[in-house]
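Report on the following structure.
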Amino acid sequence: MAKIQMKTPLVEMDGDEMTRIIWQTIKDDLICPFVDLKTEYYDLGLENRNATDDAVTIESAEATKRLGVAVKCATITPNAARMDEYDLKEMWKSPNGTIRAMLDGTVFRTPIVVKGIEPCVRNWVKPITIARHAYGDVYKNTEIRVPGPGKVELVFTGDDGTEIRDLVFQFEGPGVAQGMHNLDASIASFATSCFEYALDTKQDLWFATKDTISKKYDHRFKDVFQEIYDDKYAARFEEAGIEYFYTLIDDAVARVMKADGGFIWACKNYDGDVMSDMVSSAFGSLAMMTSVLVSPAGVYEYEAAHGTVQRHYYKHLEGKETSTNSVATIFAWSGALRKRGELDELPELVAFADRLEKATLDTIEAGEMTGDLARITSLPNPTTLSTGDFIKAIARRLAA
């Protein structure tokens with residue numbers, strides 16, 4: 001059978017540890033036998049990031065802006081222990097953070113729903129997508145340890161000499177303080193990406209902050225979303241038959257627990273960080289969560305929503321058998337191939353992505369799965385497969 005041809009390459013960002021092993025196996029067994037795969041390859045493994053002074057991460061993000069679609073393997077964000085383990089020149093920044101900043105993107109994370117892995121919340125029958133703003137807030141804060149009595153002030157000094165000064169707190173003893181910021185331009189990009197993704201996927205969009213308490217900071221998010229919606233998207237949403245609404249974050253949490261799913265929940269940076277882990281765990285497993293970074297310019301970067309599975313990698317190096325869940329990484333590849341097919345008007349590539357996902361879910365629903373899913377499945381007598389055998393079981397269904 002002739003392989004499916006591609007017109008434009010994907011940007012391929014290789015990664016670290018066990019996910020790097022899985023990455024190559026997916027290509028060898030599930031993609032290359034069926035697709036004449038074209039990629040522009042960047043090695044974002046920690047050793048190469050160190051060797052290139054992290055220039056390779058910048059290059060991969062620039063390539064993504066140029067080619068429009070990327071697929072990324074999980075990567076290590078080093079800590080002190082990794083500094084020693086990899087003999088690093090410095091503690092390199094998170095590749096995801098660098099790429100998100102360069103693409104000005106919003107992260108959309110969606111659980112992969114499969115029969116036999118039931119959500120903890122009984123009424124969740126459709127996926128809930130978390131849209132996380134990927135700029136500012138506590139992740140770019142400035143903190144101080146207050147040593148004793150005194151006052152902390154928030155001061156803005158304009159380039160024209162204008163000064164705004166507000167008292168944060170009059171300390172009578174030791175404590176802590178932090179300052180956070182965000183940008184109107186980044187909030188607008190976040191809102192635009194959310195509205196476009198909702199239209200692209202034909203799902204309702206929720207947005208939630210705490211503007212009743214944060215009357216300037218959070219309220220600015222609320223205002224920007226509403227202004228952009230009213231100006232550019234209200235008519236398009238009505239035509240598509242979908243809804244946008246704003247509510248307080250605590251009300252959103254209460255609503256989510258009673259909803260049946262099938263919507264996008266847009267959150268500020270910290271809220272999205274926390275809620276995406278809550279949603280993924282409640283749906284069954286972090287290894288069953290897709291992640292796509294979408295920029296307002298229409299650039300897409302797909303990845304799994306989990307880490308490099310360090311513990312399994314060390315077992316692999318010892319020659320021991322592992323049973324690592326590869327589903328989210330498979331869906332990163334299928335998502336990228338589908339988007340490439342849509343943009344290049346290649347229906348056969350889109351159809352292949354659909355078949356790859358179906359073969360993956362059919363394998364699990366037939367009772368063949370990795371150990372993490374076998375421990376939580378409601379299917380009777382599941383077969384626990386090794387890392388490689390699970391991918392081979394998918395390959396057999398895909399070939400059939």
Side-chain angles (χ1 to χ4, degrees), residues 107-132 194 197-198 200-210 240-268 270-292 304-307 323-332 334-335 354 357-385 390 394:
V107 179
F108 296 88
R109 290 188 167 177
T110 308
I112 299 164
V113 177
V114 59
K115 199 178 301 178
I117 310 296
E118 279 76 29
C120 298
V121 182
R122 290 190 302 256
N123 44 281
W124 287 0
V125 295
K126 292 174 284 188
I128 296 170
T129 298
I130 299 293
R132 175 186 172 189
C194 289
Y197 196 74
D200 194 32
T201 58
K202 293 182 173 55
Q203 296 183 90
D204 289 345
L205 174 65
W206 302 11
F207 178 53
T209 67
K210 193 71 172 175
I242 58 176
E243 179 186 10
Y244 164 70
F245 76 92
Y246 172 84
T247 188
L248 293 171
I249 186 74
D250 41 347
D251 179 55
V253 171
R255 285 172 179 256
V256 163
M257 297 308 292
K258 292 181 172 63
D260 63 358
F263 56 87
I264 301 164
W265 180 10
C267 298
K268 287 167 54 198
Y270 180 81
D271 297 337
D273 192 2
V274 174
M275 294 306 172
S276 64
D277 281 356
M278 182 272 288
V279 167
S280 65
S281 178
F283 267 96
S285 171
L286 189 58
M288 300 286 286
M289 189 88 164
T290 65
S291 181
V292 55
H306 57 72
S323 184
T324 312
N325 190 331
S326 54
V327 172
T329 306
I330 292 169
F331 272 62
S334 63
D354 293 341
E357 291 180 0
K358 186 177 187 304
T360 303
L361 299 181
D362 285 350
T363 300
I364 297 170
E365 291 177 0
E368 298 176 276
M369 60 193 75
T370 49
D372 61 318
L373 298 183
R375 287 188 289 272
I376 63 173
T377 185
S378 59
L379 297 174
N381 305 313
T383 301
T384 300
L385 299 178
F390 177 64
I394 297 169

Review point. Is it true that a side-chain atom of S281 and a backbone atom of M278 form a donor plus acceptor pair closer than 3.5 Å?
Key: no
Exercise for review: Any chance you could measure T377, atom OG1, to E365, atom CD, to the nearest 0.5 Å?
Suggested key: 9.5 Å
Review point. How long is the gap from CE on M288 to NE2 on H306, to the nearest 0.5 Å?
Key: 10.5 Å
Exercise for review: Indicate yes or no: at least one non-hydrogen side-chain atom of F331 is less than 4.5 angstrom from one of T360.
Suggested key: yes
Review point. Got a donor-acceptor contact below 3.5 angstrom from the Q203 side chain to the I264 backbone?
Key: no
Point to revise | Step-by-step salt bridge (charged side-chain N to carboxylate O under 4.0 Å, His left out) determination, R132 to D271 | key: CA-CA 8 Å; R132 175 186 172 189; D271 297 337; over 6 Å; no
**Study point:** Minimal non-hydrogen separation, C267 against G272, with atom names
**Key:** CB-N, 3.4 Å
Revision key, fill the gap. Output for pair (S280 OG, I130 CD1), nearest 0.5 Å, gives 9.5 Å
Practice item. Report the residues that fulfil side-chain contact (heavy atoms from CB on, under 4.5 Å) with T370, sequence neighbours left out, ordered by chain and then residue number. Key: S323, N325, D372, L373, F390
**Study point:** Note: D251-R255 ion pair, threshold 4.0 Å (strictly below)
**Key:** yes
Check your understanding: How far does CD1 of I330 sit from CD1 of I394, to the nearest 0.5 angstrom?
Key -> 3.5 Å
Point to revise | Distance-only donor-acceptor check, side chains E357 and S334, under 3.5 Å | key: yes
Check your understanding: What residues, two or more places apart in sequence or in another chain, satisfy salt bridge (Lys or Arg N to Asp or Glu O under 4.0 Å) together with D204?
Key -> none
Point to revise | Reported OG1-to-CZ distance for the pair T290 and F108, which is rounded to 0.5 angstrom | key: 11.5 Å
Review point. When you look at V292 and T110, which way does the side-chain contact (heavy atoms from CB on, under 4.5 Å) test go after all the steps?
Key: CA-CA 9 Å; V292 55; T110 308; over 6 Å; no
Exercise for review: Supply the atom-to-atom distance L379 CG to E118 CD, rounded to the nearest 0.5 angstrom.
Suggested key: 7.5 Å
Practice item. Indicate whether any N or O donor in one side chain lies under 3.5 Å from an N or O acceptor in the other, for T209 and Y246. Key: yes
Practice item. Give the minimum heavy-atom separation between P119 and W124, together with the two atoms involved. Key: CG-O, 3.3 Å
Check your understanding: In terms of the angle between their ring planes, are F245 and W206 parallel, tilted or perpendicular, with boundaries placed at 30° and 60°?
Key -> tilted
Practice item. For V125, enumerate each residue passing the side-chain contact (heavy atoms from CB on, under 4.5 Å) test, keeping only those at least two apart in sequence or located in another chain. Key: D260
Point to revise | Least distance between heavy atoms, A287 atom then V327 atom | key: O-CB, 4.1 Å
Review point. Where is the tightest heavy-atom contact between F263 and V256, given as atom of each residue plus distance?
Key: CZ-CG2, 4.0 Å
Exercise for review: Kindly check if the number of other-residue, nucleotide or ligand heavy atoms within 6.0 Å of CG (N381) is above 12?
Suggested key: no
**Study point:** Residue pair M289 / S276: nearest heavy atoms and the distance that separates them
**Key:** CE-O, 3.5 Å
Review point. Quick one: do the E368 and T383 side chains pair a donor with an acceptor below 3.5 Å?
Key: no
**Study point:** Closest approach of C194 to A131 (non-hydrogen atoms, all atoms of both residues)
**Key:** SG-CB, 3.8 Å
Review point. Got V121 and M257 here, is their nearest side-chain heavy-atom distance under 4.5 Å?
Key: yes
Review point. Tell me, do W265 and V253 make a side-chain contact under 4.5 Å, heavy atoms counted?
Key: yes
